[in-house]
Number of protein chains: 2
Amino acid sequence: MTHIVKCNPKSLNPCHCLNIRRASRAITHFYEKLLEPSGLKVTQYSLLRNLELVEPVSMSVLAKIMRIDRTTLNRNMKPLIISGLITANSGEDLRSKQVILTEAGKAALLNAWPLWDEAQASLEKYVGAAELDAFEKLLSKLEALAL
Amino acid sequence: MTHIVKCNPKSLNPCHCLNIRRASRAITHFYEKLLEPSGLKVTQYSLLRNLELVEPVSMSVLAKIMRIDRTTLNRNMKPLIISGLITANSGEDLRSKQVILTEAGKAALLNAWPLWDEAQASLEKYVGAAELDAFEKLLSKLEALAL
DNA sequence: AAGATATTAGTGTATATACACGTTTAATTC
DNA sequence: GAATTAAACGTGTATATACACTAATATCTT
């Protein structure tokens, strides 16, 4: 993140929206760096991880579980399908597609897990457990803003 | 945000990164909805607003002030240039481009301001001033994670 | 002044996000 | 059972994000 400077002139940006977006980008960058050796993005790791918990599952249901847009999930799945980490095939209901992890997907998940765990633990240490907990509660409340 | 459901089965997603990303999306959605009548996205409003404070300014400097990536700024500027809200022209230093608001840009900003202000105020009311303040402090700290 | 270095911007590529629209298939209604 | 409605998915489009690479220009060094 070469664009971030410690000393930023005239930076009084009180927009709460931009502030959380910036923090979101920073945390994402932090996780991505640590996940880099796995070849997975944090969204991809998350997709695999959620899939592991609920597979086989339709795309719509998976999107709801992950609380992301259905069409975003559709697009995010593509690189994982191409690299053979997941598959999505129609079952009885020809409308829906059942998504599952492949063996390679399970392996990728196992491989990436300690990296993600380190990111997670580092963040907890950086912020502090109690404060992070309060933070997460507020994040939940903010998420509800869009309902 | 049709994909968000109040009752989500098996949703124990402790990934801090995804949590803040979700909250970020939700807040963005909230601001976008309120800004909709202005025809501006929240990033665009922010670009115009920052520009108003520091124009004329080069793209690199503006990116640093806004704490966004230089190339992201470049891309985000394009719709605003096309719709005639800003201009970017080389000055003495032929490498850099000085970005300024057009009259239409100033008008758009004036028009959008009360909408943004309402979003901002609503959020403050929803979260609570004290809690929001603590939240913002933590966001700052998190932003520093990427330095 | 010539060559090396640094600065500034643009673009190719890839992922992330989501709205609007269309298509296919299943379920419901009459 | 035919017509309607609903559900599930895909895609076009637009914005947001950022890394790698390139091109142009300015500055510095000797």
Side-chain angles (χ1 to χ4, degrees), chain A residues 1-4 17-18 20-33 35-36 39-47 57-64 66-83 88-99 146, chain B residues 1-4 17-18 20-33 35-36 39-47 57-64 66-83 88-99 146:
Chain A
M1 284 200 139
T2 48
H3 60 282
I4 294 187
C17 182
L18 294 185
I20 193 172
R21 286 171 72 117
R22 270 195 285 260
S24 174
R25 289 198 298 268
I27 293 187
T28 298
H29 185 260
F30 179 72
Y31 274 71
E32 302 286 31
K33 276 288 175 197
L35 275 175
E36 205 165 58
L40 293 176
K41 299 280 191 174
V42 66
T43 45
Q44 296 174 337
Y45 174 80
S46 148
L47 205 166
V57 69
S58 74
M59 293 183 52
S60 289
V61 171
L62 183 56
K64 277 176 186 164
M66 294 180 67
R67 283 124 70 202
I68 62 176
D69 188 86
R70 178 186 66 76
T71 65
T72 298
L73 175 62
N74 178 294
R75 298 262 152 82
N76 290 355
M77 277 175 48
K78 287 189 178 176
L80 295 174
I81 292 176
I82 289 171
S83 51
N89 297 302
S90 291
E92 286 184 19
D93 189 331
L94 293 176
R95 293 172 305 179
S96 71
K97 285 193 174 176
Q98 298 300 308
V99 189
Chain B
M1 284 201 138
T2 49
H3 60 281
I4 294 189
C17 182
L18 294 184
I20 192 171
R21 286 171 71 118
R22 271 194 285 259
S24 174
R25 289 198 297 267
I27 293 188
T28 298
H29 185 260
F30 179 72
Y31 274 70
E32 302 284 32
K33 276 287 175 199
L35 275 176
E36 206 165 58
L40 292 177
K41 300 281 190 173
V42 67
T43 46
Q44 297 174 336
Y45 173 80
S46 147
L47 206 164
V57 68
S58 74
M59 294 184 51
S60 288
V61 170
L62 183 56
K64 278 177 184 164
M66 296 181 65
R67 282 123 72 199
I68 63 176
D69 189 87
R70 179 186 65 77
T71 65
T72 299
L73 175 61
N74 180 294
R75 298 260 152 83
N76 289 355
M77 277 175 47
K78 286 190 179 175
L80 296 175
I81 292 176
I82 290 172
S83 51
N89 296 303
S90 292
E92 287 184 18
D93 189 330
L94 293 176
R95 291 172 305 182
S96 73
K97 284 195 175 175
Q98 297 301 307
V99 189

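Residue numbers start from 1 in every chain, and the chains themselves are labelled A, B, ... in the order their sequence lines are given, proteins ahead of strands.
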Apply side chain to side chain contact (heavy atoms under 4.5 Å, CB included) to residues A:Asp69 and B:Arg25 and explain how you reach the verdict.
CA-CA 10 Å; A:Asp69 188 86; B:Arg25 289 198 297 267; over 6 Å; no

Base, sugar-phosphate or nothing for A:Glu92? Non-hydrogen atoms, less than 4.0 Å.
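A:Glu92: backbone/sugar contact only, no base atoms under 4.0 Å.
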
Can a donor-acceptor pair under 3.5 Å be found between the side-chain atoms of A:Arg21 and the base atoms of D:dT15?
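There is none.
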
Could you check whether the side chain of A:Arg75 and the base of D:dT15 have a donor-acceptor pair of N or O atoms closer than 3.5 Å, going by distance alone?
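No pair found.
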
First locate atom CG of B:Asn89, then atom OG of B:Ser96, and finally report the distance between them rounded to the nearest 0.5 Å.
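Going from CG on B:Asn89 over to OG on B:Ser96, the span is 11.0 Å.
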
Pairwise distance CG(A:Leu18) to CE(B:Met66) - rounded to 0.5 angstrom
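These two atoms lie 6.5 Å from each other.
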
Treat primed atoms plus P, OP1 and OP2 as sugar-phosphate and everything else as base, then score nucleotides 3-10 of chain D 5' to 3': B for base contact with protein heavy atoms under 4.0 Å, S for sugar-phosphate contact only, - for none.
---BBSBB

Spacing of [X] atom [atom1] relative to [N] atom [atom2], expressed in whole Å:
| X | N | atom1 | atom2 | value |
| --- | --- | --- | --- | --- |
| A:Met66 | C:dT17 | CE | C1' | 13 Å |
| B:Gln44 | D:dT17 | CD | P | 11 Å |
| B:Asp69 | C:dT15 | CG | C1' | 14 Å |
| B:Ile27 | C:dT17 | CD1 | P | 15 Å |
| B:Asn89 | C:dT8 | CG | P | 18 Å |
| A:Glu32 | D:dC19 | CD | P | 10 Å |
| A:Asn76 | C:dA14 | CG | P | 15 Å |
| B:Leu35 | C:dA18 | CG | P | 17 Å |

Looking only at side-chain N and O atoms, does A:His29 come under 4.0 Å of OP1 or OP2 in D:dT17?
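Checking A:His29 against D:dT17: no side-chain N or O falls below 4.0 Å of OP1 or OP2.
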
Step-by-step side chain to side chain contact (heavy atoms under 4.5 Å, CB included) determination, A:Leu62 to A:Leu47:
CA-CA 9 Å; A:Leu62 183 56; A:Leu47 205 166; 4.1 Å; yes

Considering heavy-atom distances to DNA chain C, does A:Lys41 or A:Leu94 have its closest nucleotide positioned more toward the 5' end?
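Of the two residues, A:Lys41 wins.
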
So, using salt bridge (charged side-chain N to carboxylate O under 4.0 Å, His left out) as the criterion, who are the partners of A:Arg75 when residues are at least two apart?
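For A:Arg75, no residue satisfies salt bridge (charged side-chain N to carboxylate O under 4.0 Å, His left out) once neighbours in sequence are set aside.
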
Using the rule given for side chain to side chain contact (heavy atoms under 4.5 Å, CB included), can you reason through B:Ser58 versus B:Lys97, listing the C-alpha separation, both sets of side-chain angles and the distance that settles it, and then say yes or no?
CA-CA 5 Å; B:Ser58 74; B:Lys97 284 195 175 175; over 6 Å; no

What is the minimum heavy-atom distance between B:Leu94 and B:Ser90, and which atoms define it?
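Closest approach of B:Leu94 to B:Ser90, heavy atoms only: O-OG, 3.6 Å.
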
